[in-house]
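Whatever order the structure lists ligands and atoms in, that order sets their numbers, starting from 1.
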Amino acid sequence: MRNSTTRSVRQSVVLQAVIAALLIGVTVAVATRFKAAGQQQSNQQANQQANQQANQQANQQANQQANQQANQQANQQAGQQTNQPATPPPRPAITTVSPEDAARETNNPRSKWFREAKYGLFIHWGLYAIPAGTWKGQQIPGIGEWIMNRAKVPVKEYEQLAAQFNPVKFNAEEWAQLAQDAGMKYLTITSKHHDGFAMFKSQASKYNIVDATPFKRDPLKELQAACAKRGIKLCFYYSQAQDWHEPNGAGNTWDFGPDDQKDFDQYLRDKALPQVREILTQYGPLGMIWFDTPRLMNEQRAEQFTKMVRELQPDCLINGRLGGKGDYRSTGDNRIPDQVVPGVWEVPATINDTWGYKSYDDHWKQPADIVFKLVDIASKGGNYLLNVGPTAEGVIPQPSQDILRKVGQWLKVNGEAVYGAGPTPFGQEFGKLSETKKDQRGQPVFEQAKEWRVTTKPGRLYIHLFTWPKEFALEGLKGKVTKAYLLADSKALKFSQSEGKLVVQLPDKAPGELASVIRLDVSGVNP
Ligand code: FHN
């Protein structure tokens, strides 16, 4: 099992690296900003590999039915191997969905705001921001919030961080303002991550930010007010299964032994369920609860959470990593599907290579890369949940802020083509796996077809150009184009249309630094 999953992680990493390489190298005429985006993506693949290896079991579980997960875990514990072919096909970024489930997700009134929002801010913040990737002088590989696990820090040692946690520079107004400036419509923050430390006032466990730190404030309360003021949907991440602080929580095998010998239901009863009740009742209406890594979860356990959420906040979404069916699906971390995916889904992604703050991770994705990813995801039908990791002082690193604000400026001009927009009616722009070309690991190369993406609204097509050609040509367009213009300046563009081929004449220079968007008004048939 370990070998096969490692292989599939490698394959996914390779596939993503190939996509990134092609983003850079499809043509020498590719504009600098597009190249920069691809380069960044390519570099990230290697760095993400270590992180993905640590988490891939959890992600796989999240993408499967609860009882399958239980079987997988049992197999894994027994060290069994699955019968994988020597070179299995690349692992998809997201589980396939039945037409019924896709329709259930899409027609769910509860998910309407989410389907329109498209872009959210993820915040991983907790005690792990203090070590910030270094434990006892050693830089610990992997994602920052996993430091306790990676360095096998005993609970008794790790919990001493609480006495040092005093994020006096935390300012909820500034964080919510950043989300707003960035054009993000929802904010999902870790209320409790796998380390078990609650970032809110909890009666269920004294191991929380109000009772166990000198800070004594409840940042989630403050964020509630700041988000409400700006119309940003507040959402809470909650690690329902892994809790390395608790003897019966999943994941801490170095203090408490193997997970299969724990009374996991007791942990759920004593901590996870009561705390989820607390976050559902103390912070006003929530956009969603974002569960994660459903180790040891099964349908019956998941149902206890689902029931509670539905009873206490019927409008609150449940993400796809609880352990049963959620309201929508998550892709693997940083995994963007190759093609349009039906239903409702989201790509959780890092802005550098970690979720929780690491003092030495400055591998920032650039604004052009983020705009490309946001549009690419929207054109395939999904949402982009982009993470920042604040410091132990409560500051969102300045590079993250600058990058997000730059993308926000782009959205101010071009947001019409993103918020509430549907996927492309085409698909030929995405590309495909090469039948002949292989990368150095022997995996098929993903060949990027075009440097543009399409999003839609009724009667409209939005063409996002990541390079700047002299003219834009599009085949296979149904309906008659009545008007074409750039969102950046609203000036009419000349175009011709015959036999299904549209050609739009473009000015010599792109109107902006990042992607430029042509709006096409189309009559006769919905594009
Ligand atoms: O293990 C976690 C990880 O720390 C992080 O929270 C990500 C975000 O999607 N989820 C898990 C791994 O997939």
Enquirer: Check ligand 1 against Glu145 and write out every atom of the ligand that is under 4.0 Å from a heavy-atom position of the residue.
Expert: 3 (C), 4 (O), 5 (C)
Enquirer: With a heavy-atom distance limit of 4.0 Å, tell me whether Thr293 approaches ligand 1 through its side chain, its backbone, both, or neither.
Expert: side chain
Enquirer: Using a strict 4.0 Å cut-off to heavy atoms of Tyr237, name the atoms of ligand 1 that fall inside it.
Expert: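 Those of ligand 1 that fall under 4.0 Å from Tyr237 are 6 (O).
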Enquirer: In this structure, which one of Phe122, Trp125, Tyr237 forms a ring pair (Phe, Tyr, Trp, His ring centres under 6.0 Å) with His193?
Expert: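 Considering Phe122, Trp125, Tyr237, a ring pair (Phe, Tyr, Trp, His ring centres under 6.0 Å) with His193 is found only for Tyr237.
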Enquirer: Counting only heavy atoms, tell me which of Asp333, Thr331, Asn149 gets closest to atom 7 (C) of ligand 1.
Expert: Asp333
Enquirer: Hey, is Phe291 touching ligand 1 through its side chain, its backbone, both or neither, going by heavy atoms under 4.0 Å?
Expert: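 For Phe291, there is no contact with ligand 1 at all, from either part.
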Enquirer: Yes or no: does Tyr128 have any heavy atom under 4.0 Å from an atom of ligand 1?
Expert: no
Enquirer: Kindly state whether the ring of Tyr357 and the ring of Tyr128 have centres lying under 6.0 angstrom apart.
Expert: no
Enquirer: Salt bridge or not between Asp376 and Lys380? Use side-chain N to carboxylate O under 4.0 Å.
Expert: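 Yes, charged N to carboxylate O under 4.0 Å.
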Enquirer: May I ask you to check whether Phe165 and Phe215 place their ring centres under 6.0 Å from each other?
Expert: no
Enquirer: Looking at ligand 1, does any of its N/O atoms fall within less than 3.5 Å of an N/O of Gln242?
Expert: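 No, since none of the N or O atoms of Gln242 sits under 3.5 Å from an N or O of ligand 1.
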Enquirer: Pairs of nitrogen or oxygen atoms closer than 3.5 Å, one from Trp355 and one from ligand 1: do any exist?
Expert: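 It does not: no N or O of Trp355 is found under 3.5 Å from an N or O of ligand 1.
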Enquirer: Taking the side chain from Gln240 and the backbone from Leu322, do they hold a donor-acceptor pair closer than 3.5 Å?
Expert: yes
Enquirer: Test your reading of the structure: does His124 have an N or O sitting under 3.5 Å from an N or O of ligand 1?
Expert: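 There is such a contact, yes.
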Enquirer: Report the residue from Trp290, Tyr283, Phe291 that forms a ring pair (Phe, Tyr, Trp, His ring centres under 6.0 Å) with Phe236.
Expert: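 The single option meeting the ring pair (Phe, Tyr, Trp, His ring centres under 6.0 Å) with Phe236 is Tyr283.
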Enquirer: Quick one: which ligand 1 atoms are inside 4.0 Å of a heavy atom on Trp146?
Expert: 1 (O), 2 (C), 3 (C), 4 (O)
Enquirer: Any atoms of ligand 1 less than 4.0 Å from a non-hydrogen atom of Arg321? List them with their elements.
Expert: 9 (O), 10 (N), 13 (O)
